[in-house]
Structure formats: structure tokens, C-alpha cells
Amino acid sequence: MQPDKRLGRDFFRQDVLSVAPLLLGKYIVIINNGEPEKFIITEVEAYRGEDDLACHASKGRTNRNRIMYAVGGHVYVYFIYGMYWMLNIVTGEEDNPQAVLIRGINGYNGPGKLTRRLNIDDSFYGEDLVVSGRIWIENNEAEGEIVTGPRIGIDYAGEHWKNKPWRFNLLLK
DNA sequence: AGCAAGATCGGT
DNA sequence: CCGATCTTGCTG
């Protein structure tokens, strides 16, 4: 019997600033054509609560962002620029809207490119990584250096939020 | 009902 | 820097 490597609820319940860097090096597993595919997570960004002007929850609860208010472990996907799906993982406790944007996986850098590779679309909205049969996160240790920096593409959020070093990049050894 | 902007990407 | 392409949330 193999140990269950899937991450459970307690992992995703933590604050987004804890979960985001912890996701680096772990596997995202997705079932495509019946076969599981594994990719190492290499780049993420944290979006933290209604106060964070870069976070979709800064507008309060809307039909698009409502899943961010669920307990950690749910999937938040949204469509942007008329052609790209963004993949996010909700974190924290219920009614504390936070999420980690997955910006890179091994071999595919860029949030729009990786969702195309994984076949992520709106059918994944609200999926629960703790129990889902087609997408989950597995524990893994990867060797590499972690670099932090400001989040990308959020000029609209103002200097204060734009400057926060909430992007985490794993440079694989 | 109409509109401006967007957590992007690839080509000039 | 610019266009593609369409959903979203805000304004009226």
C-alpha cells in the first residue's frame, strides 16, 4: 500500500502567504484522457483578502469570485483577455477570500500557457482538490532556490499593493 | 444597455 | 508597443 501523497484540507486552510511558497516544488496532478499527468509547480502569486487591491475580492463578493470565499482547497478559474483561463487555488478559512495564482509549471511558464497544456477551463470552477477525481496536489520535495518579487500585471492596484513581494519563483536545480 | 479594462501572450 | 478577443463589473 502506497502512502497517500495528496495534500489534505489542513494544508490549504493556512494563510495564502504560507501556502503560496509551500506549493513550490509540489506536484499538480491532472487526469487527461484517463491518465494522470504530473507537473512540478514552479511559480505562484498570492492574492490576499478584500483589502488587497490586486485581489479580485477587493470588489467584494461577486458571481465570479464567490468561490474565493469558500474554505481552502477549492479551484478558482476565470477567463481573461478573451482567450486565457487562469488557474487559482483558494486558501484560508471560509469567508476569508484568498487564492494562489499558478503562474508556472515545469516546462510551461505563464499562467495562460499552462492552463492550455492542462486543458483547464470553467468546468474546473469550484473543484475541491481534497476530494476531486481529476485534479489534486501531491507532496513532493524539489531541489532549487526560491526567488520572490512583485506580482505581475497589477498596475491598477496602486504602488502599495503592487510592490508587495508576493510572487514566488522556484529555480529548479 | 453600453462600455472600459483586464492576475496574458506573441508578434513588430 | 500593439492587437486579439470576450467576460465582467460599473455606470446610467
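In what follows, chains carry the letters A, B, and so on, assigned in the order in which the sequence lines appear, proteins first and then strands, with residues in each chain numbered from 1. Keep in mind it's a predicted model, so treat the numbers as computed, not measured.
Of the charged side-chain nitrogens involved, none lies within less than 4.0 Å of a carboxylate oxygen, so that R6(A) and E138(A) do not count as a salt-bridged pair. A salt bridge links R117(A) and E37(A); the closest N-O separation between the charged side-chain nitrogens and carboxylate oxygens is under 4.0 Å. Between D15(A) and R48(A), at least one side-chain N (NZ, or NE/NH1/NH2) sits under 4.0 Å from a carboxylate O, which counts as a salt bridge. Salt-bridge annotation for R9(A) and D128(A): present, with a side-chain N of the basic residue lying under 4.0 Å from a carboxylate O of the acidic one.
Between I135(A) and I120(A) there is a side-chain heavy-atom pair separated by less than 4.5 Å. Two residues are said to be in side-chain contact when any heavy atoms from C-beta on lie closer than 4.5 Å; V100(A) and V16(A) meet this criterion. Inter-residue side-chain proximity for V29(A) and I137(A) is flagged as unmet; no heavy-atom pair is nearer than 4.5 Å. I40(A) places none of its side-chain heavy atoms less than 4.5 Å from the side chain of I105(A).
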Distances for protein N/O vs nucleotides 1-4 of chain B N/O pairs under 3.5 angstrom?
none

Distances for protein N or O near nucleotides 6-12 of chain C N or O, under 3.5 Å:
residue : atom : partner : partner atom : Å
dG9(C)  : OP1  : T62(A)  : OG1          : 2.6

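Using modelled atom types, one finds no donor on one side chain facing an acceptor on the other under 3.5 Å when comparing E127(A) with Y125(A). Between the side chains of E43(A) and N109(A), not a single donor N or O lies within less than 3.5 Å of an accepting N or O.
A heavy atom closer than 4.0 Å to some atom of DNA chain B occurs in G110(A), P111(A), G112(A), K113(A), these being the qualifying members of residues 105-127 of chain A. Taking a 4.0 Å limit (strictly below) on heavy-atom distances, residues 86-104 of chain A does not reach DNA chain C anywhere. A heavy-atom distance below 4.0 Å to DNA chain B is reached by these residues of residues 51-58 of chain A, ordered by number: A54(A), H56(A).
Both tests do not hold together for K113(A) against Y108(A): distance to the six-membered ring centre under 6.0 Å, angle to the ring axis within 45°. F124(A) carries R134(A) over the face of its six-membered ring, with the cationic atom under 6.0 Å from the centre and within 45° of the normal. Under a cutoff of 6.0 Å and an axis angle of 45°, R61(A) and Y69(A) form a cation-pi pair.
Across the P atoms, dA4(B) and dG3(C) are found 16 Å apart, a figure rounded to whole Å.
Under 4.0 angstrom from either OP1 or OP2 of dA4(C) there lies no side-chain N or O belonging to Y84(A).
Looking at N65(A), its side chain does come within 3.5 Å of a backbone N or O of G60(A) through a donor-acceptor pair.
Screening I89(A), I152(A), N88(A) against L101(A) for a side chain to side chain contact (heavy atoms under 4.5 Å, CB included) leaves a single residue, N88(A).
In DNA chain B, runs of at least 3 stacked Watson-Crick or G-U pairs (N1-N3 plus N6-O4 or O6-N4, or N1-O2 plus O6-N3, all under 3.5 Å) give these stems: B:1-6 with C:6-11, B:8-11 with C:1-4.
Taking the six-membered ring for Trp and the full ring otherwise, H56(A) and Y78(A) have centroids separated by under 6.0 Å.
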**Residues E45(A), R151(A); criterion salt bridge (charged side-chain N to carboxylate O under 4.0 Å, His left out); working and verdict** = CA-CA 6 Å; E45(A) 279 176 1; R151(A) 296 171 291 179; 5.8 Å; no

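Shown here is K5(A), whose NZ atom has no more than 12 heavy atoms of other residues, nucleotides or ligands within 6.0 Å.
Between the base of dA7(B) and the side chain of Y78(A) there is a donor-acceptor pair shorter than 3.5 Å.
Nucleotide dA7(B) holds its P atom 11 Å from the CD atom of E45(A), rounded to whole Å.
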